[in-house]
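Reviewing the structure listed below.
Computed over heavy atoms, backbone and side chain alike; hydrogens, waters and symmetry mates excluded. Note that the structure is predicted; figures quoted are calculated from it, not measured. A note on names: the letters A, B, ... follow the listed sequences, proteins ahead of strands, and every chain is numbered from 1.
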Number of protein chains: 2
Amino acid sequence: MPRGARDRRAAILRLASTSGLTSVEELSNTFGVTASTIRRDLSQLESAGHLARTYGGAMALDAHHETSLRQRSGQAFEAKRSIATWAADQVRTGETILLDSGTTTGALARELATRRDLTVVTTGLTVLQELAQATNVRVECLGGTLRPLSQGFVGSLTEAALERMTFDRAFLGADGVTAEHGICEADLQQTRLKELMGQRAEHTYVLVHAAKLGHHPFHAHAPFGPGWTLVTDTAADSAATAPFHARGIDVVVVDPDGRVREEPH
Amino acid sequence: MPRGARDRRAAILRLASTSGLTSVEELSNTFGVTASTIRRDLSQLESAGHLARTYGGAMALDAHHETSLRQRSGQAFEAKRSIATWAADQVRTGETILLDSGTTTGALARELATRRDLTVVTTGLTVLQELAQATNVRVECLGGTLRPLSQGFVGSLTEAALERMTFDRAFLGADGVTAEHGICEADLQQTRLKELMGQRAEHTYVLVHAAKLGHHPFHAHAPFGPGWTLVTDTAADSAATAPFHARGIDVVVVDPDGRVREEPH
DNA sequence: ACACTGTTGCGCACTTCGCGCAATACCTAT
DNA sequence: ATAGGTATTGCGCGAAGTGCGCAACAGTGT
């Protein structure tokens, strides 16, 4: 009954999700097939990214881990980590900072997890996940409606919460950035929120790896505020950063070792 | 230099966390020790719950997965799942429901992740993690300050957001529950929040597995509101549920197959 | 009816794993 | 400082898990 192949794989996923951890032998007995077959199933499910194989079995992989693992193998991961390291270095003890949603700010949150005497306010689920166990960091969430794609909170609830607070520093992400139009996002709700976030901080940084410079995949924009700093990685050549310089925007280019290549103002 | 044992394990954790996935051979080469030693390290780190071993290596385990796996092997896990299944069955299409923080409500969120046309509002990070990829469920977070232990949001931000909404159903967790004092939590901030949550819903359910019945580990309480329903599992004998009946509180006892043992009103 | 794709079970070689053992490094208490 | 106890490490071996090729078979489309 080879029809059962798809059904069995789905069942394996369900079992793994509910029990968290399953063994090849257990699955083999449950479905009455050989261990070889189970192994093949696990191989396939692993390739699909729904499962992680362990010694003699498999473990469930939730959405966060799924994307997280995918992110880590992405080409921009190193760039994001460099940017995050630099950004973490700007944060001083005792400050209250605002972290936008996104993977880059998630990386920054990871860097900050071991700090003490720090308040991190965020609109991003990724950030919350990274700081969930950081007992020495005060973590606040602005709330709102969860956007599935960006894993961030938006909406009137978010904006209302934001209007009650100010910050020492705000770190924003972006889907794209151009010197002319500023931050680019999928919809106006997000750009308005980012604009608001940037306005309520003493120092505002826009963290984008080089590939996003000069691109605007969507048509909602939030212009750079006065004094905002653009932070990117060494994959950005001077042709990419020049338009920002021309408009008087501070640009910081960080290399993988954390050194800064140029920092005009 | 066996002093390096602890350092090496910490370094392994760091490496695994940043790269997401590492191999025994790679680690062996990096630290200049035998594969056996690495395996022992991984064994220990796995027992400590910081790591998941794969075939020929290990993978990072974030905080969510850590606690999640621990929870799933906990003795009350089956009870929680039974309660969550019953609770999910109460939720009708189109409703807006409120989920408290906690592992039981997290299990409920998991049950609801595949539903459509549903709005879930929550104060719990666990719930958010379970619903992060649930594209057919509208997810809202009330925001607030993250409490590390309960992984839930509390504070004036949470309460302010709560005051702007009402719900068809609210599902609350608890550290303990007695017929006399109601829900028991570690501090007054949490009990006040739960009280508020229960007041703003049409139907309110208190989800607690049997071991928590009759216990009040702390001294902050939130009394049962009128019409609230206590939901627990079959490990609760009639001696445990009787005090609640005596006070006119509806009690639902769910067995692992989802059947209800008693439901007086 | 026929070919084709996908699935399954089996055997085999390879890799990885866990455990016991002896030697060594580290820690601590006197 | 020294001595005793604990923890760590490397090595060898048997056991377990894994991947791959092969042949047989089910389900599908022409």
Side-chain angles (χ1 to χ4, degrees), chain A residues 1-62 65-66 68-70 72-73 114, chain B residues 1-62 65-66 68-70 72-74:
Chain A
M1 51 204 146
R3 163 58 178 276
R6 281 188 298 275
D7 299 342
R8 186 184 58 245
R9 289 188 189 114
I12 288 176
L13 267 186
R14 271 204 314 275
L15 277 181
S17 294
T18 52
S19 47
L21 202 65
T22 37
S23 73
V24 170
E25 192 183 357
E26 181 188 339
L27 292 171
S28 169
N29 291 334
T30 304
F31 297 106
V33 293
T34 326
S36 289
T37 303
I38 297 295
R39 267 186 263 278
R40 274 186 278 251
D41 290 338
L42 297 184
S43 259
Q44 187 173 325
L45 291 170
E46 184 191 31
S47 303
H50 302 304
L51 213 66
R53 300 190 61 182
T54 64
Y55 186 90
M59 65 183 295
L61 210 54
D62 60 27
H65 233 91
E66 229 176 282
S68 179
L69 276 180
R70 235 190 291 276
R72 275 193 262 257
S73 34
T114 55
Chain B
M1 50 203 144
R3 163 57 177 277
R6 279 189 299 276
D7 299 342
R8 186 183 57 245
R9 288 186 191 113
I12 288 176
L13 268 185
R14 271 205 315 276
L15 276 181
S17 295
T18 52
S19 47
L21 202 65
T22 37
S23 73
V24 171
E25 193 184 356
E26 181 189 338
L27 292 170
S28 168
N29 291 335
T30 304
F31 297 106
V33 293
T34 324
S36 289
T37 303
I38 297 295
R39 268 185 261 278
R40 274 186 278 252
D41 289 339
L42 296 183
S43 247
Q44 186 172 327
L45 291 170
E46 184 191 31
S47 303
H50 302 305
L51 213 66
R53 301 189 60 181
T54 64
Y55 187 90
M59 65 183 295
L61 211 55
D62 58 26
H65 235 90
E66 234 177 273
S68 180
L69 276 180
R70 234 191 292 276
R72 277 195 261 258
S73 34

| query | OP1 or OP2 of dA7(D) sitting under 4.0 Å from any side-chain N/O of Arg6(B)? | reply |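 The answer is no; no side-chain N or O of Arg6(B) sits under 4.0 Å from OP1 or OP2.
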Take the protein atom [atom1] of [X] and the nucleotide atom [atom2] of [N], then report the distance between them rounded to whole Å.
| X | N | atom1 | atom2 | value |
| --- | --- | --- | --- | --- |
| Arg39(A) | dA16(D) | CZ | P | 13 Å |
| Asp41(B) | dA7(D) | CG | C1' | 12 Å |
| Phe31(A) | dG9(C) | CZ | C1' | 18 Å |
| Ile12(B) | dT8(D) | CD1 | C1' | 13 Å |
| Asp7(A) | dG27(D) | CG | P | 13 Å |

| query | Are Ile12(A) and Leu27(A) side-chain neighbours, meaning at least one heavy-atom pair lies under 4.5 Å? | reply |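 Yes, side chains in contact.
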| field | Passing option when Arg8(B) is tested against Thr37(B), Thr30(B), Asp41(B) for side-chain hydrogen bond (donor to acceptor under 3.5 Å, both in side chains) | value | Asp41(B)
| Base, sugar-phosphate alone, or nothing: which one does Ser28(B) contact when heavy atoms must sit under 4.0 Å apart? | nothing
| said: Counting the atoms with a prime plus P, OP1 and OP2 as sugar-phosphate, which does Ser23(A) contact under 4.0 Å by heavy atoms, base, sugar-phosphate, or nothing? | reply: nothing
| query | Who passes salt bridge (charged side-chain N to carboxylate O under 4.0 Å, His left out) against Arg40(B), sequence neighbours left out? | reply | none
| message | Is it the case that the side chain of Thr18(B) and the backbone of Arg14(B) share a donor-acceptor pair, with hydrogens and angles ignored and the cut-off at 3.5 Å? | response | yes
| message | I'd like to know if the side chain of Thr54(B) and the backbone of Thr54(A) have a donor-acceptor N/O pair within less than 3.5 Å. | response |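 No: the side chain of Thr54(B) does not pair with the backbone of Thr54(A).
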| message | Checking Ser36(A) now: which residues fulfil side chain to side chain donor-acceptor pair (under 3.5 Å) with it, not counting sequence neighbours? | response | none
| said: Closest-nucleotide mapping onto DNA chain C: is Ala35(A) or Leu42(B) further toward the 5' terminus? I mean the 5' end. | reply: Ala35(A)
| task | From the options dT8(C), dT8(D), dG18(C), select the nucleotide whose nearest atom is closest to the side chain of Arg53(B). | result |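 The listed nucleotide nearest to Arg53(B)'s side chain is dG18(C).
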Are any protein N/O atoms closer than 3.5 Å to N/O atoms in nucleotides 10-15 of chain C? If there are, list each pair with its distance.
from: dT15(C); atom 1: O2; to: Tyr55(B); atom 2: OH; distance (Å): 2.9

